[in-house]
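Below, read A as the first sequence line, B as the second, and so on, with proteins coming before strands; counting in each chain starts at 1.
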There are 4 protein chains.
Amino acid sequence: MGPGNPKDSEILKHAEEIGMQIASRKWVLLTGGRKAGVMDAASKGASEAGGEVIGILPGDSHRGMSDFVSIPIVTGVGSARNYINILSSDIVIVCGMGLGTSSEAALAMKHGKPTLFTKVGKSQLDFFQSLTNKKILFFDESDALFEFIEKNLIKD
Amino acid sequence: MGPGNPKDSEILKHAEEIGMQIASRKWVLLTGGRKAGVMDAASKGASEAGGEVIGILPGDSHRGMSDFVSIPIVTGVGSARNYINILSSDIVIVCGMGLGTSSEAALAMKHGKPTLFTKVGKSQLDFFQSLTNKKILFFDESDALFEFIEKNLIKD
Amino acid sequence: MGPGNPKDSEILKHAEEIGMQIASRKWVLLTGGRKAGVMDAASKGASEAGGEVIGILPGDSHRGMSDFVSIPIVTGVGSARNYINILSSDIVIVCGMGLGTSSEAALAMKHGKPTLFTKVGKSQLDFFQSLTNKKILFFDESDALFEFIEKNLIKD
Amino acid sequence: MGPGNPKDSEILKHAEEIGMQIASRKWVLLTGGRKAGVMDAASKGASEAGGEVIGILPGDSHRGMSDFVSIPIVTGVGSARNYINILSSDIVIVCGMGLGTSSEAALAMKHGKPTLFTKVGKSQLDFFQSLTNKKILFFDESDALFEFIEKNLIKD
């Protein structure tokens with residue numbers, strides 16, 4: 001999960017790397033499905049590495065969908081699809097921050113999903129830390145992030 | 001789409017055959033995802049033929065999911081997920097009839113999705129015909145049904 | 001609940017009468033909220049009799065809302081709002097028939113809501129009767145319909 | 001909007017005061033409808049001042065509803081109802097902070113609703129300020145909050 005219009009192109013590069021890493025492990029990437037920002041970049045990374053990409057679209061058609069989505073889910077329920085994004089994910093990676101992204105990160109934490117932050121500023125992390133007793137998981141580098149997931153969140 | 005508790009086991013056998021035929025064409029089956037009735041039987045047919053099965057679940061967890069779903073979407077929105085089933089499908093096959101199924105068939109027709117009926121009684125078909133100017137598509141046999149789809153609904 | 005574009009103006013007159021009867025009993029009318037067909041006519045009847053009218057809108061703004069809605073609920077979830085219409089109603093009156101209306105009638109019956117039909121043809125009633133063991137409730141005249149509600153469905 | 005289990009009883013007292021102030025102006029209070037925390041306290045304040053209280057419930061029945069809701073909307077869509085809360089509100093007051101509340105505040109800002117914060121800490125406000133170019137509206141006291149609304153957000 002990440003902003004549709006991030007301010008920093010570094011975030012897009014990072015999202016693409018994350019998508020690639022997900023696909024290289026034969027995991028499935030799930031995003032908000034639109035041809036925009038972090039959704040699109042992560043989908044590109046996963047797709048080009050041969051992975052499956054589920055796109056949970058807010059609208060009632062394929063209009064505006066990322067070219068890299070292989071499994072489109074057309075919800076027609078607008079931003080209410082953020083809730084479906086979260087419930088359908090086993091692990092939530094938050095890459096960058098924005099209004100929609102923060103609503104998803106908060107729902108992920110509320111519904112007890114493992115939530116990992118990357119490319120999120122210190123004061124923004126402090127905000128999420130103020131809302132939970134659990135330690136917020138933050139990783140600067142994608143290698144460390146995926147190492148953590150493999151060690152701690154994947155059941156054999 | 002079809003009832004979760006059909007009265008007639010013939011319907012389940014037919015649903016399984018349809019699932020198999022979908023998978024044998026490398027198409028993706030999308031169902032309501034529960035371990036019940038037509039959803040489960042169609043998923044079994046598709047899965048055993050090596051196909052992908054998307055399950056759009058009404059609850060907020062995997063509880064009650066068919067064992068044959070390969071791509072679970074956890075919506076948490078209850079019967080409102082019927083709408084997502086329809087919008088996410090390119091072609092809707094209605095196999096058997098029940099309250100939930102009739103709500104999906106009506107939504108499919110309302111939203112202009114090609115809707116094919118099988119294992120539905122004459123008077124029930126008349127009902128749907130009374131709600132539209134288009135000719136209702138009904139097929140007794142799955143061979144005829146898939147022949148129709150391939151000839152008329154698939155773009156090269 | 002009733003069609004947004006009924007073929008028969010008689011249905012609109014009947015919907016307006018039903019809205020009026022609801023309001024005259026100090027009950028609250030709940031509709032799909034759009035400025036169209038049965039929704040609009042029932043809302044007019046209730047509003048002009050001094051009643052409250054809840055409109056559960058499919059879109060993400062007030063655009064297209066009936067002028068007679070006093071309490072707009074803006075859902076943004078498209079036809080998924082049909083499910084909210086049903087769950088939020090204590091009693092469902094189906095006036096006329098169409099694709100959206102039939103999806104609502106079926107959901108109402110599925111979720112155990114008392115469902116009363118009026119201005120629905122015999123063969124269409126037979127369809128709903130074929131989907132349930134309970135006797136379908138049909139009333140030609142609104143007086144008989146409200147008498148039935150008061151005698152059988154209202155708890156003191 | 002506010003947490004269902006706030007840490008600080010001061011927040012509940014403040015929520016009740018806000019509910020009372022809303023009702024005293026003949027405005028309608030809309031909340032998440034549950035018998036818990038800020039929702040319940042604000043509903044109590046509004047109800048006891050003679051106002052209407054719309055409760056947008058997440059479940060599929062009235063179970064767990066605040067006793068002070070006068071107009072229950074039963075959505076059955078879980079936390080997806082947060083989106084409906086926001087779209088249905090003309091003005092969003094955020095009282096206290098929590099995971100669900102932060103998801104609602106973010107959606108409110110994303111969808112352009114006037115969003116006023118009260119009983120929210122400085123660093124939490126900084127978070128929301130970091131996500132928008134508009135100046136975040138914060139009011140320590142309810143008098144100042146309602147004065148702002150009347151001067152700036154109410155059209156004659």
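Heavy-atom neighbours of E141(D) CD from other residues, nucleotides or ligands within 6.0 Å: at or below the threshold of 12. Counting heavy atoms of neighbouring residues, nucleotides and ligands inside a 6.0 Å radius, atom NZ of K113(C) exceeds 12 of them.
Note that CD1 of I73(C) and CG of N85(D) are 9.0 Å apart. Values are rounded to the nearest 0.5 Å.
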Check against side chain to side chain contact (heavy atoms under 4.5 Å, CB included), T75(D) and V77(C)
CA-CA 11 Å; T75(D) 70; V77(C) 299; over 6 Å; no
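Interface remark: L57(D) contributes no atoms to any contact with chain C (heavy atom separation under 4.5 Å). Heavy atoms of I71(D) lying under 4.5 Å from chain C belong exclusively to its side chain. Using a 4.5 Å cut-off between heavy atoms, I86(C) makes no contact with chain D at all.
Using a 4.5 Å heavy-atom cutoff, the side chains of I54(D) and I54(C) are not in contact.
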